[in-house]
Every structure is written in structure tokens, then in C-alpha cells.
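Data first, discussion second: the structure below is written as C-alpha cells.
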Protein chains: 2
Amino acid sequence: MFDWNDLKYFLAVARHQSTIAAGKSLGLSQSTVQRRLAELERAIGQPLVERRPSGYRLTKFGEELLPHAERIEAAVTDFERRINDEAHDLTGVIRVTCPEPIIGRMTKSALIERFQARHPKLRIEFVTSDRYLDLSKGEADVAFRSGDTDDELVGRKVADSIWAVYASRSYVEQHGRPAAVSDLPNHPLVGFDETLSMHRASIWLRDVAPEVKMSARTNSVLGLVYAVKSGLGIGPLPASLGDAEPDLVRVLGPIQELSRSWRLLAHPDLRRVPRIAAFFDFILAERELVKTILA
Amino acid sequence: MFDWNDLKYFLAVARHQSTIAAGKSLGLSQSTVQRRLAELERAIGQPLVERRPSGYRLTKFGEELLPHAERIEAAVTDFERRINDEAHDLTGVIRVTCPEPIIGRMTKSALIERFQARHPKLRIEFVTSDRYLDLSKGEADVAFRSGDTDDELVGRKVADSIWAVYASRSYVEQHGRPAAVSDLPNHPLVGFDETLSMHRASIWLRDVAPEVKMSARTNSVLGLVYAVKSGLGIGPLPASLGDAEPDLVRVLGPIQELSRSWRLLAHPDLRRVPRIAAFFDFILAERELVKTILA
DNA sequence: ACGCGATTATGCACTTCTGCGGCGGGGTTG
DNA sequence: CAACCCCGCCGCAGAAGTGCATAATCGCGT
């Protein structure tokens, strides 16, 4: 059984293409790297690198072996992560709140199960309600929100939130589509009711179509989607939801005034708590996947 | 970065439950095992084992870590295997011959792709023909056969080959089923034609139903299956094929005289050639899966 | 053509690790 | 109860590994 540590040197040399650079990256002397790698080659019985004046270069055989070594390294990283979790007592529940329509996308995507795989002792719980939960009161630990920033919370942008104006296909066939934002008052509009009167979509509608009586009002984004789908009128929706509905068509392109950033937020007191920090680290590492979920 | 070699000690101790036994299995002294394991615990910052008079026992945390360590070990094993392949120049093609109906099962099962994963530089080729290929002439390298042993070839049993007498469902409905083997001459029988007159199924049929004129004859096992399915008559089939056909029913239980062992065979000159030996090793290791294929 | 910088390889002193032998403890079996 | 076996732990001497300094090699730019 050969020396498993020598795999570290092999990997480092493969990456830095020289024993000196590899040694530095490992916090070891160049001599050691050179000798351990030579020892590994002796144990294997085949050369792994070509000695060049400019440094080491993997041989063909070395290239073939590299992915195997990387799998070992990945397994070790998992092992270390598990240890780290234990050291920081990463157990318990993380209560996540986000707009209801997002929850389904979250759970259907591989995001949550990947998190479970990485932190088996942490559990994610989605909590939601018809109003914004108050993280300061501990109603949830973290939130995905695209609204305006709450000064009390800290967080990081994870994606863009784009809004556009949608109508149902049948509506467009019967009544046509608005030519521009200024044309909106000539169409029946759907929007939020008074409970969400300060939502930026409500404000924007009052701004571009003052004095217009709404043909329908709802108290949730999802309600808005259904109202537009039913053909009651046209209205602004998050592009992620509108585009996902085959019955809806985007009649006015992205509305600058309504666009915000999706942010992952937490109360500053909680942000550095290990299990919350772990969630942040994970989400930021998986930012690309998160973007497709919130798209 | 902790000492990867210490994982070996952890694994050995987990398996042997004592540092002495672990040391022996690793060819090392007991002191080393005990010290390395203590060092690993120090690096991790958590105890992995409980010291008992009877030896070491994994703690709860150790149990949790064990599967991770085993994954690392498995990855290392792959790495070593790859090296071994290179050392023995495991490249090239292995020509496998077997009865035609088996080929489909082989390729559909995970067997072949597992072999590819284990020996990426080896390729498996199935060769077949209407007659038995002659391994001595190099027409193929190895063969799966259930027939009688060819003295010139060497090999190992990998599964049982069971034959029974089958009839189509419609045949049974119209004409009933034979009560015993002795009843067979009263039914229309299907069997092999003269090209396979020495096949043990042909010999058995002549024995239990002499003087009977066959209602249909074919030159392959697969032909036999179709003949029985079409209702032309009843006849002996490998249970693996007969049971797989929903239209067929087994009318007479396993026939002792027709049962043989499935064997993996090769010419003795080839048996120890690295790539053939590798194939043998693999098939024997996967014997359970092979049994379900040949079942 | 020649020096500069980056690289690999090696000699030497020092540190660390390993194996051996021995000790003490706790079961188990006559 | 006593002998025995298997166990973990520890001190010591020898073996192996590590770092530092240095030599040797090669490409590149001036």
C-alpha cells in the first residue's frame, strides 16, 4: 500500500507545474515535493511527470491518473467537511422564508438535496405566510427576497429579479396588446389590494395609470398570476413566473422601475452563527443554480 | 491538511476493533497504529474510538465518519487498479462468445459498463455465429457456455443452467398439458434440426419420445422459443428464456438430464494472459449479477 | 554571447517517526 | 485463584523524512 499523502504532492505538482510552486502551495519545501513525487513514481513503477527546465509536466499516464487522484481528493474534502460540521456543531433547523411560488421551484430543483448531502445534520424548513415574516422577531432565520432592502437585515445579492407586464393569450387575441406603458390606462388592469399598497408594483401602477379603477385586486403575487391568466386584465408579474406560464404572453418588456435584486437576507445577529453561515456559504457557492431557480 | 495515511489506520481499527489486530493486518507495529490514531483524533479534535479493555470501539462520531473514509478508500482502490492495469498493459479487445439470446441481456445489464469503468482501456466485443466458435482456433477469446465441457478449455462455473418443457398459453388451453415426461410422445414436439442433432436436448428428446415425428425443427435455441410461442408444439427450453416469455407456460418442471452449469471458458494458453485474467476476475467478482443474467 | 531567473537535483544537519521490548490491566479458563 | 492471553500505553534507539543551502541545467531577453 503506497503512501496516500503522496497523492497530495502529485495533485499539487499537476496544478502548479513545478515542485517549487507546489511546495509553496503546500507550505513545504521544494526538496520534499520533488522527493515524494519521485517516491510515488517509484512505487507506481511508471513516470508521472516529464522533467523539463521550465518545470514538471504530466506524462500521458499522469494525465490518466489525475482524475482518479482528484476523486480521492474530493472524497477527502467531504470527510473534512463532515469533521468541520461536527466541530461547529452544525445541527438543527434553518427556517427559510421566500415568496410562495419559489418554494416549489426550490424543492423540485436539486438545491435542497445537495444541501442535505453536504450538511446531513442540518434541516431546511420553509416557512411562509401571507405577509412578510419578520426576521428580527425570529419568525424565520433567513429570507430570499427581491423587495427593497430592509436596513436592519444583512445579506448578499444572489440573482436578478425582473418584472414585465403580462396578459393571457385569449386576452391578446380579443383586445390586442398595449403599445407602450403609456397605453396601459386603456386596458383593464389587475394589481394588489390595499394590504400590499406599498409594494413597488402597486406604486408603479398608480404612477403609470393614475385614476384607473382596477378590474381585479389580489393580496399575493400568485393571485396576480391567476388573475391575469383568467383574462380579467393585464398586469405586472415577475418574469420568472410569467414566462413559466404557457397561457401568458409578455406584452411589455422588462420594467426597469420594478426590477430589483434577489437577496439572501438574515438578521446580523444570526449571520455569523455557524448553521446560518453554512447556509450562506452553500447558497453563494451554488449561485448559478440559484439564479436558474429565481430566474 | 491532516495526514491522509492516518485514514488507513482508522479504517483498520474500525474493522479489527483493536490496534494490535489492525497493526498486524497492515504489517505494522501496534504502537504505530495507536499513535497514528491518537494523532488523527488530535487533528480532528474529537475522539473517534472508545478505549476499552477489550480493544477499541468506534464512537458515534467515528461511525458517522466511517462511510466517508470508506469512500476515500474505494477511490484509492480505483486509483491503484488503474495503475495495475497500466503495469500489466491491460489494453486491447476481449472477444466474448455466448449464445445469441444472452448477448442482449448482457449488454442491457450494467455488467459491461461496469467492466468498462473498471478497465477503461479494455474493450469487449461479442462474436457469435450459428455454430460453436472454436476458441482453440482463436475465433474468440472467452466463451459463456452451458453445454458439456470441452476438455481442451479451462474455466469456472458461474451459474446454473436449467431447462424445462414449455408450451404456449393458447396451446395449453386447446390441447391441455402433458402429465409427465412419459406423456410427451402424445404431443406435437419441436426440437433442433440435424445440424444440432448431438445437442443434449436433441438426444433427450430422442430418448423420451423415440419414433415421434417433430412438428417443427429449428437450428437455434431462439428458433425453438419462437416455434413454441407460435403454438406449433411443445418443447424443452432454457428456463431463463421460457420464464421470460409471458406467452409461455412451463408444463414440465426442471429436467435434470438437460441441466448443466454455465461456465466461463478460455483456452489454457490464454487464461493467464493479463487481459483475459482480468475478465475472469471481474466476472467471478460479479458472479451474482451474472447469475441473474444467465438465470 | 552572456548573464538572469526559474527550475530540478543533492549533501548535510536536524527533526520526526517507527519498531522493539517491557509494563500494567482486565477478562477467561482451568 | 492463578495462569494465560489480548489489550493499550510508554521509553529508547535506530530509521526515515524534512528543510536549508547549494550545485547544475536550461530558456530567454538584451
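Numbers restart at 1 for each chain; the letters A, B, ... are given by sequence-line order, proteins then strands. FYI, side chains are in, hydrogens and waters are out, and symmetry mates aren't considered; it's all heavy atoms of this structure.
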Considering only distance and modelled atom types, tabulate donor-acceptor pairs under 3.5 Å from the side chains of residues 268-282 of chain A, sequence neighbours left out.
from: R275(A); atom 1: NE; to: V93(A); atom 2: O; distance (Å): 2.8
from: R275(A); atom 1: NH2; to: V93(A); atom 2: O; distance (Å): 3.3
from: R275(A); atom 1: NH2; to: D141(A); atom 2: OD2; distance (Å): 3.3

- Item | Atom-pair distance (CG on L37(A); C1' on dT18(D)), nearest Å | 16 Å
- For T19(B), which contact category applies under a 4.0 Å heavy-atom criterion: base, sugar-phosphate, or nothing? sugar-phosphate
- Message: If you assign each of S31(B) and V33(A) to its closest nucleotide in DNA chain D, which residue comes earlier from the 5' end?
- Response: S31(B)
- Rounded to the nearest angstrom, tell me the gap between atom CD in E41(A) and atom P in dT8(C). 12 Å
- Item | Between dA6(C) (P) and H16(A) (NE2): distance, integer Å | 16 Å
- Query: Taking CZ from R51(B) and P from dC9(D), how many angstroms apart are they, rounded to a whole number?
  - Reply: 5 Å
- May I ask you to verify if any side-chain N or O of Y56(A) is less than 4.0 angstrom from the OP1 or OP2 atom of dA9(C)? yes
- Message: I'd like to know if Q30(B) reaches the base of dC9(D) with its side chain, counting only an N/O donor and acceptor under 3.5 Å.
- Response: yes
- Donor-acceptor contact present, side-chain R114(B) to main-chain S109(B), <3.5 Å: no
- Task: Pick base, sugar-phosphate or nothing for R35(A), based on heavy-atom distances below 4.0 Å to the nucleic acid.
- Result: base
- Take the protein atom CZ of R36(A) and the nucleotide atom C1' of dC17(C), then report the distance between them rounded to whole Å. 12 Å
- Does the side chain of R52(B) get closer than 4.0 angstrom to OP1 or OP2 of dC7(D) through an N or O atom? no
- Between E73(B) (side chain) and L7(B) (backbone), is there a donor-acceptor pair under 3.5 Å? no
- Does the side chain of T32(B) get closer than 4.0 angstrom to OP1 or OP2 of dT18(C) through an N or O atom? no
- Task: Determine, stepwise, if the pair E86(B) / R82(B) fulfils salt bridge (Lys or Arg N to Asp or Glu O under 4.0 Å).
- Result: CA-CA 6 Å; E86(B) 188 77 11; R82(B) 189 68 201 74; 3.7 Å; yes
- Let me know, please, whether Y9(A) or S54(A) comes out on the 5' side of the other along DNA chain D by nearest nucleotide. Y9(A)
- Item | Separation of dA16(D) P from N5(A) CG (nearest whole Å) | 18 Å
- Whole-Å distance separating the CD1 atom of I20(B) from the C1' atom of dC23(C): 13 Å
- Rounded off to whole Å, could you give me the CD-to-P distance for the Q34(B) and dG8(D) pair? 8 Å
- Over all atoms of both residues, closest heavy-atom pair of T107(B) and I112(B): CA-CG1, 4.3 Å
